[in-house]
Amino acid sequence: MNKITRTVLTFLMLGLFAGCASNQSKNATPHDPIEPANRTFYNFSEGLDRHLIKPLAEGYVSITPAPVRTAVTHFFDNLSYLNVILNSFLQGKISQGFSDTGRFIVNSTLGLGGLFDVATDAGLERHQEDLGQTFAVWGIDRGSYVYLPVRGPNTVRNLPDFATSLFLNPLFYVTGAVLFPVTALNVVNIRANLLDATNIRDEAAVDPYSFTREAYLQQREYLIHDGNPPTEGYDDIFDEDGDFGGDDDVLVIE
Amino acid sequence: MFYRKIKIINTSGVLSVKRLTCCLQKIAILMILSTSASIADTRDMHADEQQATVTYTDAMLVIKELHSKLLYIMQNAESLGYQGRYGEVEEVVISRFDTPLIAKVIMSRYWRQLDDEKKMDFIRLFQRLSVATYASRFDGYDNESFVELSAEKLKKGRLLIKTELQRTDDKPVHLDYLMHETDGEWKIISVIANGVNDLSLKRAEYATVIKDRGFDGLVDEVSRKISDMELQDKE
(Lines give C-alpha, C1' and ligand atoms only; values in the text may rest on other atoms or scores of the structure.)
Protein backbone atom coordinates (compact mmCIF):
# COMPACT_ATOMS: atom_id res chain seq x y z
CA MET A 1 0.00 0.00 0.00
CA ASN A 2 2.82 2.30 0.92
CA LYS A 3 4.16 1.99 -2.60
CA ILE A 4 0.82 2.71 -4.17
CA THR A 5 0.44 5.80 -2.02
CA ARG A 6 3.84 6.95 -3.18
CA THR A 7 2.94 6.41 -6.81
CA VAL A 8 -0.28 8.33 -6.42
CA LEU A 9 1.58 11.16 -4.69
CA THR A 10 4.08 11.31 -7.52
CA PHE A 11 1.28 11.67 -10.02
CA LEU A 12 -0.38 14.36 -7.94
CA MET A 13 2.89 16.25 -7.74
CA LEU A 14 3.32 16.04 -11.47
CA GLY A 15 -0.18 17.26 -12.02
CA LEU A 16 0.66 20.31 -9.94
CA PHE A 17 3.79 21.05 -11.92
CA ALA A 18 2.00 20.62 -15.19
CA GLY A 19 -0.50 23.15 -13.86
CA CYS A 20 2.26 25.64 -13.15
CA ALA A 21 3.59 25.15 -16.63
CA SER A 22 1.38 27.69 -18.34
CA ASN A 23 2.55 30.49 -16.06
CA GLN A 24 6.23 29.82 -16.48
CA SER A 25 6.46 29.27 -20.18
CA LYS A 26 7.97 32.60 -21.18
CA ASN A 27 11.60 32.49 -22.20
CA ALA A 28 11.68 28.70 -22.33
CA THR A 29 12.14 26.16 -25.09
CA PRO A 30 8.76 25.05 -26.41
CA HIS A 31 9.14 21.41 -25.35
CA ASP A 32 10.36 22.34 -21.88
CA PRO A 33 7.75 24.73 -20.48
CA ILE A 34 8.51 23.92 -16.85
CA GLU A 35 12.24 24.37 -17.22
CA PRO A 36 12.72 26.25 -13.91
CA ALA A 37 11.09 23.43 -11.91
CA ASN A 38 12.94 20.83 -13.96
CA ARG A 39 16.24 22.54 -13.34
CA THR A 40 15.58 22.59 -9.60
CA PHE A 41 14.96 18.86 -9.62
CA TYR A 42 17.92 18.32 -11.92
CA ASN A 43 20.26 20.15 -9.56
CA PHE A 44 18.87 18.28 -6.58
CA SER A 45 19.35 14.92 -8.33
CA GLU A 46 22.82 15.86 -9.48
CA GLY A 47 23.82 16.76 -5.93
CA LEU A 48 22.47 13.47 -4.62
CA ASP A 49 24.20 11.64 -7.44
CA ARG A 50 27.56 13.32 -7.01
CA HIS A 51 27.70 12.78 -3.26
CA LEU A 52 26.06 9.40 -2.89
CA ILE A 53 24.87 7.34 -5.84
CA LYS A 54 27.76 7.86 -8.26
CA PRO A 55 30.47 7.08 -5.67
CA LEU A 56 28.52 3.95 -4.69
CA ALA A 57 28.28 2.91 -8.34
CA GLU A 58 32.00 3.49 -8.87
CA GLY A 59 32.81 1.50 -5.75
CA TYR A 60 30.52 -1.29 -6.94
CA VAL A 61 32.28 -1.37 -10.33
CA SER A 62 35.72 -1.51 -8.71
CA ILE A 63 34.92 -4.42 -6.38
CA THR A 64 32.61 -6.49 -8.60
CA PRO A 65 33.93 -8.53 -11.54
CA ALA A 66 32.35 -7.62 -14.88
CA PRO A 67 30.62 -11.01 -15.40
CA VAL A 68 28.87 -10.59 -12.03
CA ARG A 69 27.66 -7.12 -12.99
CA THR A 70 26.45 -8.51 -16.31
CA ALA A 71 24.50 -11.22 -14.48
CA VAL A 72 22.98 -8.62 -12.14
CA THR A 73 21.95 -6.50 -15.12
CA HIS A 74 20.41 -9.53 -16.84
CA PHE A 75 18.55 -10.46 -13.66
CA PHE A 76 16.87 -7.06 -13.28
CA ASP A 77 16.30 -6.75 -17.03
CA ASN A 78 14.48 -10.06 -16.99
CA LEU A 79 12.30 -9.02 -14.04
CA SER A 80 11.25 -5.90 -15.88
CA TYR A 81 10.57 -7.78 -19.11
CA LEU A 82 6.85 -8.46 -18.55
CA ASN A 83 6.28 -4.77 -19.22
CA VAL A 84 8.16 -5.14 -22.53
CA ILE A 85 5.96 -8.11 -23.51
CA LEU A 86 2.78 -6.18 -22.72
CA ASN A 87 3.90 -3.19 -24.77
CA SER A 88 5.10 -5.23 -27.72
CA PHE A 89 1.55 -6.58 -27.99
CA LEU A 90 -0.05 -3.19 -27.33
CA GLN A 91 1.93 -1.77 -30.25
CA GLY A 92 0.64 -4.54 -32.48
CA LYS A 93 4.05 -6.20 -32.79
CA ILE A 94 2.54 -9.63 -32.41
CA SER A 95 5.46 -11.82 -33.44
CA GLN A 96 7.81 -9.67 -31.38
CA GLY A 97 5.43 -10.10 -28.44
CA PHE A 98 5.61 -13.88 -28.75
CA SER A 99 9.37 -13.79 -29.14
CA ASP A 100 9.57 -11.58 -26.02
CA THR A 101 7.37 -14.04 -24.13
CA GLY A 102 9.67 -16.87 -25.21
CA ARG A 103 12.64 -14.80 -24.14
CA PHE A 104 11.20 -14.25 -20.67
CA ILE A 105 10.41 -17.95 -20.23
CA VAL A 106 13.79 -19.14 -21.54
CA ASN A 107 15.80 -16.71 -19.43
CA SER A 108 13.72 -17.30 -16.30
CA THR A 109 14.26 -21.07 -16.53
CA LEU A 110 17.36 -22.03 -18.53
CA GLY A 111 18.89 -18.67 -17.70
CA LEU A 112 18.59 -19.47 -13.98
CA GLY A 113 16.10 -16.82 -12.96
CA GLY A 114 17.38 -14.37 -15.54
CA LEU A 115 21.02 -14.32 -14.43
CA PHE A 116 22.13 -15.52 -17.85
CA ASP A 117 20.83 -14.21 -21.13
CA VAL A 118 20.64 -17.48 -23.01
CA ALA A 119 17.69 -16.27 -25.06
CA THR A 120 19.72 -13.80 -27.12
CA ASP A 121 22.02 -16.60 -28.27
CA ALA A 122 18.92 -18.60 -29.16
CA GLY A 123 17.80 -15.76 -31.45
CA LEU A 124 15.27 -14.21 -29.06
CA GLU A 125 16.58 -10.69 -29.17
CA ARG A 126 16.11 -8.16 -26.36
CA HIS A 127 13.69 -5.35 -27.15
CA GLN A 128 13.15 -2.03 -25.44
CA GLU A 129 9.46 -1.20 -25.16
CA ASP A 130 7.42 0.67 -22.59
CA LEU A 131 4.04 2.34 -22.25
CA GLY A 132 5.45 5.73 -23.27
CA GLN A 133 6.53 4.24 -26.59
CA THR A 134 3.16 2.54 -26.98
CA PHE A 135 1.35 5.85 -26.49
CA ALA A 136 3.66 7.41 -29.08
CA VAL A 137 2.81 4.65 -31.56
CA TRP A 138 -0.87 5.28 -30.84
CA GLY A 139 -0.35 8.92 -31.80
CA ILE A 140 -0.54 10.53 -28.38
CA ASP A 141 1.49 13.75 -28.05
CA ARG A 142 4.70 13.74 -26.09
CA GLY A 143 3.67 16.45 -23.66
CA SER A 144 6.14 18.48 -21.65
CA TYR A 145 9.57 17.36 -20.67
CA VAL A 146 9.74 16.59 -16.95
CA TYR A 147 12.84 15.94 -14.93
CA LEU A 148 12.00 13.90 -11.85
CA PRO A 149 14.19 13.53 -8.80
CA VAL A 150 15.85 10.08 -8.86
CA ARG A 151 13.84 8.94 -11.92
CA GLY A 152 15.57 11.48 -14.14
CA PRO A 153 14.49 12.69 -17.59
CA ASN A 154 10.93 11.90 -18.71
CA THR A 155 8.01 13.28 -20.65
CA VAL A 156 4.39 13.50 -19.51
CA ARG A 157 3.45 10.78 -22.01
CA ASN A 158 5.85 8.47 -20.27
CA LEU A 159 4.50 8.82 -16.74
CA PRO A 160 1.78 6.13 -16.82
CA ASP A 161 4.54 3.65 -17.58
CA PHE A 162 5.71 4.04 -13.98
CA ALA A 163 2.55 2.21 -12.95
CA THR A 164 2.70 -0.65 -15.46
CA SER A 165 6.43 -1.19 -15.03
CA LEU A 166 5.94 -1.23 -11.27
CA PHE A 167 2.94 -3.57 -11.15
CA LEU A 168 4.39 -5.92 -13.77
CA ASN A 169 7.68 -6.28 -11.95
CA PRO A 170 7.68 -9.42 -9.78
CA LEU A 171 9.83 -7.55 -7.25
CA PHE A 172 6.81 -5.40 -6.44
CA TYR A 173 5.13 -8.43 -4.88
CA VAL A 174 8.13 -9.36 -2.78
CA THR A 175 7.85 -8.32 0.84
CA GLY A 176 10.18 -8.46 3.77
CA ALA A 177 13.70 -7.43 4.59
CA VAL A 178 15.20 -8.75 1.34
CA LEU A 179 13.52 -5.99 -0.65
CA PHE A 180 15.78 -3.22 0.58
CA PRO A 181 19.16 -4.67 -0.44
CA VAL A 182 17.71 -5.91 -3.73
CA THR A 183 16.33 -2.48 -4.60
CA ALA A 184 19.59 -0.83 -3.54
CA LEU A 185 21.54 -3.22 -5.76
CA ASN A 186 19.21 -2.45 -8.66
CA VAL A 187 19.71 1.31 -8.26
CA VAL A 188 23.49 1.05 -7.91
CA ASN A 189 23.70 -1.33 -10.87
CA ILE A 190 21.58 0.93 -13.08
CA ARG A 191 23.82 3.85 -12.15
CA ALA A 192 26.94 1.78 -12.83
CA ASN A 193 25.67 1.01 -16.33
CA LEU A 194 25.19 4.74 -16.90
CA LEU A 195 28.72 5.72 -15.81
CA ASP A 196 30.12 5.80 -19.35
CA ALA A 197 27.23 7.89 -20.61
CA THR A 198 27.43 10.42 -17.78
CA ASN A 199 31.20 10.62 -18.10
CA ILE A 200 30.80 11.47 -21.78
CA ARG A 201 28.19 14.04 -20.81
CA ASP A 202 30.45 15.60 -18.19
CA GLU A 203 33.28 15.69 -20.68
CA ALA A 204 31.27 17.17 -23.53
CA ALA A 205 28.46 19.25 -22.08
CA VAL A 206 28.71 22.98 -21.53
CA ASP A 207 25.21 22.95 -20.11
CA PRO A 208 24.57 19.44 -18.74
CA TYR A 209 20.86 20.14 -18.15
CA SER A 210 20.07 20.95 -21.80
CA PHE A 211 22.48 18.25 -22.97
CA THR A 212 20.57 15.65 -20.95
CA ARG A 213 17.20 16.92 -22.14
CA GLU A 214 18.05 16.97 -25.86
CA ALA A 215 19.87 13.64 -25.73
CA TYR A 216 16.99 12.03 -23.84
CA LEU A 217 14.28 13.34 -26.19
CA GLN A 218 16.20 12.20 -29.28
CA GLN A 219 17.01 8.85 -27.76
CA ARG A 220 13.30 8.35 -27.07
CA GLU A 221 12.42 9.13 -30.71
CA TYR A 222 15.01 6.57 -31.72
CA LEU A 223 13.48 3.92 -29.44
CA ILE A 224 9.91 4.73 -30.46
CA HIS A 225 10.89 4.10 -34.08
CA ASP A 226 12.89 0.99 -33.15
CA GLY A 227 16.17 2.47 -34.27
CA ASN A 228 14.89 3.97 -37.53
CA PRO A 229 13.59 7.44 -36.74
CA PRO A 230 12.24 9.37 -39.73
CA THR A 231 15.23 10.86 -41.51
CA GLU A 232 13.45 13.95 -42.80
CA GLY A 233 13.76 15.48 -39.35
CA TYR A 234 17.55 15.34 -39.51
CA ASP A 235 18.07 18.18 -41.91
CA ASP A 236 15.18 20.48 -40.97
CA ILE A 237 17.61 22.33 -38.76
CA PHE A 238 19.40 23.51 -41.92
CA ASP A 239 16.28 24.97 -43.49
CA GLU A 240 14.73 26.73 -40.53
CA ASP A 241 15.71 30.32 -41.12
CA GLY A 242 15.28 30.07 -44.83
CA ASP A 243 18.89 30.99 -45.50
CA PHE A 244 20.69 28.21 -43.70
CA GLY A 245 22.60 26.10 -46.10
CA GLY A 246 22.94 28.93 -48.58
CA ASP A 247 26.39 30.20 -49.41
CA ASP A 248 25.51 33.88 -49.18
CA ASP A 249 27.26 34.70 -45.97
CA VAL A 250 29.07 31.54 -45.01
CA LEU A 251 32.61 32.46 -44.11
CA VAL A 252 35.51 30.84 -45.84
CA ILE A 253 38.32 30.00 -43.52
CA GLU A 254 41.78 30.22 -45.02
CA MET B 1 9.64 -1.39 -60.93
CA PHE B 2 11.70 -4.26 -62.20
CA TYR B 3 10.16 -6.76 -59.79
CA ARG B 4 6.64 -5.58 -60.41
CA LYS B 5 6.96 -6.09 -64.15
CA ILE B 6 8.32 -9.57 -63.79
CA LYS B 7 5.55 -10.45 -61.38
CA ILE B 8 2.83 -9.34 -63.79
CA ILE B 9 4.40 -11.27 -66.63
CA ASN B 10 4.79 -14.35 -64.49
CA THR B 11 1.17 -14.18 -63.31
CA SER B 12 -0.09 -13.94 -66.87
CA GLY B 13 2.27 -16.79 -67.67
CA VAL B 14 0.65 -18.97 -65.02
CA LEU B 15 -2.83 -18.06 -66.25
CA SER B 16 -2.01 -19.00 -69.81
CA VAL B 17 -0.62 -22.31 -68.59
CA LYS B 18 -3.94 -23.02 -66.92
CA ARG B 19 -6.14 -21.97 -69.79
CA LEU B 20 -4.13 -23.14 -72.73
CA THR B 21 -2.00 -25.99 -71.63
CA CYS B 22 -1.73 -27.14 -75.17
CA CYS B 23 -0.47 -23.90 -76.58
CA LEU B 24 3.14 -24.28 -75.67
CA GLN B 25 3.96 -21.73 -78.26
CA LYS B 26 2.22 -18.97 -76.39
CA ILE B 27 4.04 -19.84 -73.25
CA ALA B 28 7.29 -19.80 -75.10
CA ILE B 29 6.49 -16.37 -76.46
CA LEU B 30 5.56 -15.15 -73.01
CA MET B 31 8.77 -16.52 -71.63
CA ILE B 32 10.83 -14.88 -74.31
CA LEU B 33 8.97 -11.63 -73.69
CA SER B 34 9.53 -11.80 -69.99
CA THR B 35 13.20 -12.60 -70.42
CA SER B 36 13.79 -9.75 -72.83
CA ALA B 37 11.79 -7.44 -70.60
CA SER B 38 13.90 -8.41 -67.67
CA ILE B 39 17.09 -7.95 -69.66
CA ALA B 40 15.99 -4.48 -70.68
CA ASP B 41 15.01 -3.69 -67.13
CA THR B 42 18.20 -5.07 -65.74
CA ARG B 43 20.12 -2.82 -68.09
CA ASP B 44 18.05 0.17 -66.90
CA MET B 45 18.57 -0.81 -63.34
CA HIS B 46 22.30 -1.08 -63.78
CA ALA B 47 22.40 2.33 -65.39
CA ASP B 48 20.41 3.78 -62.46
CA GLU B 49 22.58 2.03 -59.97
CA GLN B 50 25.73 3.20 -61.63
CA GLN B 51 24.61 6.78 -61.65
CA ALA B 52 23.60 6.56 -58.01
CA THR B 53 26.89 4.96 -57.09
CA VAL B 54 28.86 7.69 -58.80
CA THR B 55 27.26 10.40 -56.67
CA TYR B 56 27.32 8.36 -53.52
CA THR B 57 30.86 7.10 -53.92
CA ASP B 58 32.41 10.52 -53.46
CA ALA B 59 30.44 11.10 -50.29
CA MET B 60 31.06 7.56 -49.10
CA LEU B 61 34.80 7.99 -49.66
CA VAL B 62 34.81 10.98 -47.33
CA ILE B 63 33.23 8.87 -44.59
CA LYS B 64 35.61 5.99 -45.28
CA GLU B 65 38.53 8.38 -45.02
CA LEU B 66 37.29 9.66 -41.65
CA HIS B 67 36.63 6.14 -40.40
CA SER B 68 40.04 4.80 -41.42
CA LYS B 69 41.68 7.72 -39.62
CA LEU B 70 39.61 7.00 -36.52
CA LEU B 71 40.47 3.33 -36.68
CA TYR B 72 44.14 4.24 -37.00
CA ILE B 73 44.12 6.47 -33.90
CA MET B 74 42.18 3.82 -31.98
CA GLN B 75 44.63 1.08 -32.87
CA ASN B 76 47.64 3.28 -32.09
CA ALA B 77 46.01 5.18 -29.26
CA GLU B 78 48.74 4.63 -26.71
CA SER B 79 51.79 5.20 -28.84
CA LEU B 80 50.25 8.34 -30.33
CA GLY B 81 48.99 9.83 -27.08
CA TYR B 82 46.41 12.61 -27.04
CA GLN B 83 48.56 15.08 -29.00
CA GLY B 84 49.42 12.45 -31.60
CA ARG B 85 45.79 11.48 -32.07
CA TYR B 86 44.86 15.15 -32.28
CA GLY B 87 47.43 15.69 -35.03
CA GLU B 88 46.25 12.63 -36.95
CA VAL B 89 42.57 13.61 -37.14
CA GLU B 90 43.02 17.37 -37.40
CA GLU B 91 43.32 17.52 -41.15
CA VAL B 92 40.43 15.20 -41.97
CA VAL B 93 38.10 17.02 -39.55
CA ILE B 94 39.02 20.46 -40.86
CA SER B 95 38.76 19.50 -44.52
CA ARG B 96 35.78 17.11 -44.40
CA PHE B 97 33.42 18.89 -42.00
CA ASP B 98 31.68 22.04 -43.16
CA THR B 99 32.41 23.77 -39.86
CA PRO B 100 31.45 27.29 -41.05
CA LEU B 101 27.93 26.03 -41.79
CA ILE B 102 27.79 23.88 -38.64
CA ALA B 103 28.82 26.85 -36.49
CA LYS B 104 26.18 29.03 -38.11
CA VAL B 105 23.40 26.51 -37.56
CA ILE B 106 24.44 25.84 -33.98
CA MET B 107 24.60 29.53 -33.11
CA SER B 108 21.25 29.98 -34.79
CA ARG B 109 19.86 33.50 -34.21
CA TYR B 110 22.96 34.62 -32.32
CA TRP B 111 25.14 34.18 -35.42
CA ARG B 112 23.91 37.40 -36.98
CA GLN B 113 24.87 39.42 -33.92
CA LEU B 114 28.54 38.49 -34.30
CA ASP B 115 31.01 40.46 -36.41
CA ASP B 116 33.15 38.63 -38.96
CA GLU B 117 36.15 38.36 -36.68
CA LYS B 118 34.14 36.75 -33.92
CA LYS B 119 32.54 34.39 -36.42
CA MET B 120 35.97 33.31 -37.66
CA ASP B 121 37.25 32.87 -34.11
CA PHE B 122 34.26 30.77 -33.24
CA ILE B 123 34.63 28.57 -36.32
CA ARG B 124 38.28 27.91 -35.43
CA LEU B 125 37.35 27.23 -31.80
CA PHE B 126 34.65 24.81 -32.89
CA GLN B 127 37.10 23.00 -35.19
CA ARG B 128 39.48 22.58 -32.25
CA LEU B 129 36.59 21.25 -30.16
CA SER B 130 35.66 18.67 -32.82
CA VAL B 131 39.24 17.48 -33.26
CA ALA B 132 39.78 17.34 -29.49
CA THR B 133 36.58 15.36 -29.04
CA TYR B 134 37.70 12.71 -31.53
CA ALA B 135 41.20 12.62 -30.02
CA SER B 136 39.90 12.15 -26.51
CA ARG B 137 36.96 9.81 -27.24
CA PHE B 138 38.70 7.42 -29.65
CA ASP B 139 41.44 6.52 -27.21
CA GLY B 140 41.59 2.75 -27.37
CA TYR B 141 40.89 -0.29 -29.51
CA ASP B 142 38.79 -3.33 -28.68
CA ASN B 143 38.40 -4.91 -32.12
CA GLU B 144 35.77 -2.44 -33.23
CA SER B 145 35.18 -1.95 -36.92
CA PHE B 146 33.37 0.62 -39.04
CA VAL B 147 30.93 -0.58 -41.66
CA GLU B 148 29.43 1.80 -44.21
CA LEU B 149 25.91 0.59 -44.91
CA SER B 150 23.89 2.80 -47.22
CA ALA B 151 23.23 6.23 -48.61
CA GLU B 152 19.87 7.95 -48.68
CA LYS B 153 18.89 11.11 -50.51
CA LEU B 154 17.29 13.83 -48.42
CA LYS B 155 15.96 17.30 -49.25
CA LYS B 156 18.00 19.77 -51.30
CA GLY B 157 20.53 17.23 -52.48
CA ARG B 158 21.67 16.35 -49.00
CA LEU B 159 22.73 12.81 -48.27
CA LEU B 160 22.41 10.62 -45.22
CA ILE B 161 25.16 8.01 -45.01
CA LYS B 162 24.34 5.24 -42.57
CA THR B 163 27.17 3.40 -40.91
CA GLU B 164 27.80 1.20 -37.91
CA LEU B 165 30.57 0.96 -35.39
CA GLN B 166 30.54 -2.75 -34.70
CA ARG B 167 31.73 -3.99 -31.34
CA THR B 168 32.64 -7.45 -30.17
CA ASP B 169 30.51 -7.78 -27.03
CA ASP B 170 27.86 -5.19 -27.60
CA LYS B 171 25.25 -4.00 -30.03
CA PRO B 172 26.67 -1.85 -32.82
CA VAL B 173 26.51 1.93 -32.55
CA HIS B 174 24.58 3.47 -35.46
CA LEU B 175 26.56 6.39 -36.84
CA ASP B 176 24.70 8.43 -39.45
CA TYR B 177 26.35 11.28 -41.31
CA LEU B 178 24.43 14.11 -42.86
CA MET B 179 26.34 15.48 -45.84
CA HIS B 180 25.97 18.17 -48.45
CA GLU B 181 27.87 19.12 -51.55
CA THR B 182 29.57 22.48 -51.60
CA ASP B 183 31.91 23.62 -54.39
CA GLY B 184 31.94 20.09 -55.79
CA GLU B 185 33.01 18.51 -52.52
CA TRP B 186 30.98 16.42 -50.11
CA LYS B 187 31.20 17.68 -46.57
CA ILE B 188 29.84 16.38 -43.28
CA ILE B 189 27.33 18.71 -41.66
CA SER B 190 26.03 16.52 -38.85
CA VAL B 191 26.79 13.28 -37.02
CA ILE B 192 23.95 11.28 -35.50
CA ALA B 193 24.95 8.57 -33.03
CA ASN B 194 22.16 6.11 -32.16
CA GLY B 195 19.59 8.71 -33.09
CA VAL B 196 21.21 11.49 -31.09
CA ASN B 197 22.16 14.45 -33.25
CA ASP B 198 25.17 16.31 -31.94
CA LEU B 199 24.11 19.47 -33.73
CA SER B 200 20.77 19.97 -32.00
CA LEU B 201 22.32 19.03 -28.66
CA LYS B 202 24.93 21.73 -29.01
CA ARG B 203 22.44 24.26 -30.32
CA ALA B 204 20.24 23.88 -27.23
CA GLU B 205 23.22 23.96 -24.89
CA TYR B 206 24.91 26.96 -26.47
CA ALA B 207 21.68 28.96 -26.50
CA THR B 208 21.41 28.47 -22.73
CA VAL B 209 25.02 29.46 -22.10
CA ILE B 210 24.73 32.56 -24.32
CA LYS B 211 21.52 33.58 -22.57
CA ASP B 212 23.15 33.30 -19.14
CA ARG B 213 26.70 34.43 -19.80
CA GLY B 214 26.82 35.93 -23.27
CA PHE B 215 28.93 34.94 -26.27
CA ASP B 216 32.21 35.48 -24.40
CA GLY B 217 30.96 33.17 -21.65
CA LEU B 218 30.33 30.49 -24.28
CA VAL B 219 33.81 30.91 -25.76
CA ASP B 220 35.32 30.55 -22.26
CA GLU B 221 33.26 27.47 -21.59
CA VAL B 222 34.15 25.75 -24.89
CA SER B 223 37.85 26.62 -24.45
CA ARG B 224 37.72 25.12 -20.97
CA LYS B 225 36.24 21.89 -22.39
CA ILE B 226 39.09 21.65 -24.88
CA SER B 227 41.79 22.15 -22.26
CA ASP B 228 40.02 19.69 -19.92
CA MET B 229 40.30 17.02 -22.62
CA GLU B 230 44.00 17.79 -23.06
CA LEU B 231 44.66 17.67 -19.32
CA GLN B 232 42.61 14.55 -18.75
CA ASP B 233 44.89 12.61 -21.04
CA LYS B 234 48.03 13.73 -19.24
CA GLU B 235 46.82 12.33 -15.94
Side-chain angles (χ1 to χ4, degrees), chain A residues 27-29 31-32 35 39 66 70 120 125-126 128 196-197 199-241 243-254, chain B residues 94 98-101 103-106 108-109 111-112 116 119-120 122-124 127 129 133 136-137 152 154-156 158 160 162 169 171 174 176 178 180 182-183 189-190 192 194-209 211-212 217-218 220-222 224-225 228-229 232:
Chain A
N27 231 355
T29 26
H31 48 280
D32 191 6
E35 186 170 337
R39 276 191 187 265
T70 308
T120 296
E125 210 185 307
R126 173 174 179 253
Q128 281 174 277
D196 278 348
N199 286 341
I200 286 180
R201 181 200 64 191
D202 295 341
E203 192 185 289
V206 290
D207 181 47
Y209 172 83
S210 347
F211 184 98
T212 307
R213 180 189 63 210
E214 298 303 315
Y216 169 78
L217 293 176
Q218 291 189 39
Q219 181 71 29
R220 288 296 296 174
E221 278 305 300
Y222 180 77
L223 286 177
I224 288 161
H225 294 95
D226 299 321
N228 289 304
T231 46
E232 55 263 31
Y234 285 172
D235 59 343
D236 283 352
I237 198 169
F238 291 95
D239 296 325
E240 271 170 16
D241 254 5
D243 68 343
F244 280 153
D247 293 317
D248 48 339
D249 59 342
V250 172
L251 288 172
V252 182
I253 211 165
E254 65 277 357
Chain B
I94 289 178
D98 191 349
T99 314
L101 177 63
K104 188 183 168 190
V105 169
I106 283 180
S108 183
R109 61 200 155 101
W111 190 246
R112 253 166 260 214
D116 280 4
K119 283 181 184 170
M120 294 285 246
F122 187 77
I123 291 167
R124 285 206 193 86
Q127 278 174 337
L129 177 71
T133 308
S136 105
R137 200 99 29 102
E152 192 180 314
L154 301 183
K155 278 179 288 180
K156 299 194 177 170
R158 286 186 282 254
L160 186 74
K162 295 194 168 188
D169 303 325
K171 280 189 174 176
H174 293 248
D176 296 348
L178 193 60
H180 80 151
T182 172
D183 299 328
I189 49 176
S190 181
I192 301 128
N194 275 354
V196 180
N197 184 342
D198 188 51
L199 212 71
S200 29
L201 234 67
K202 289 218 164 68
R203 193 155 82 139
E205 278 193 276
Y206 290 9
T208 314
V209 178
K211 205 172 68 193
D212 293 349
L218 175 69
D220 289 348
E221 196 63 42
V222 175
R224 200 170 58 84
K225 283 290 160 193
D228 279 356
M229 285 190 259
Q232 198 188 17

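No experiment lies behind these values; they were computed from the predicted model shown. A, B, ... follow the sequence lines: proteins, then strands. Residue 1 opens every chain.
If you measure heavy-atom distances from B/I189 to chain A, the contacts under 4.5 Å come from both the backbone and the side chain. Residue A/D202 touches chain B through its backbone alone, counting heavy-atom pairs closer than 4.5 Å. With a 4.5 Å cut-off on non-hydrogen atoms, B/V196 touches chain A through its backbone and its side chain both. Heavy atoms of B/D176 lying under 4.5 Å from chain A belong exclusively to its side chain. Using a 4.5 Å cut-off between heavy atoms, B/K171 touches chain A through its side chain atoms alone.
The shortest distance between side-chain heavy atoms of B/L201 and A/R201 does not fall below 4.5 Å. Residues A/D236 and B/K155 have side chains in contact (heavy-atom distance under 4.5 Å, counting atoms from C-beta outward).
Pairing each heavy atom of B/A204 with each of A/E214, the nearest pair is CB-CG, 3.4 Å. Closest approach of B/Q232 and A/E203 over heavy atoms only: OE1-OE1, 3.4 Å.
For the options B/N194, B/N197, B/T208, B/V209, heavy-atom pairs under 4.5 Å to chain A are most numerous at B/N194.
Looking at residues two or more places apart in sequence or on another chain, you find a side chain to side chain donor-acceptor pair (under 3.5 Å) between B/S200 and A/Q218. Contacts of A/R126 classified as salt bridge (Lys or Arg N to Asp or Glu O under 4.0 Å), with partners at least two apart in sequence or in another chain: A/D77. In terms of the ring-ring contact (aromatic ring centres under 6.0 Å, His included) criterion, residue partners of B/F122 (sequence neighbours excluded) are, by chain and number, B/F215.
Listed in order of number, the residues of residues 219-227 of chain A that approach chain B to under 4.5 Å between heavy atoms are A/Q219, A/Y222.
Atom-to-atom distance recorded for A/F238:CZ and B/L199:CG is 5.0 Å, nearest 0.5 angstrom.
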Stepwise side-chain contact (heavy atoms from CB on, under 4.5 Å) check, A/N228 with B/K162
CA-CA 11 Å; A/N228 289 304; B/K162 295 194 168 188; 4.1 Å; yes
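Using a distance-only test at 3.5 Å, with no hydrogens or angles considered, a donor-acceptor pair links the side chain of B/E205 to the main chain of A/D207.
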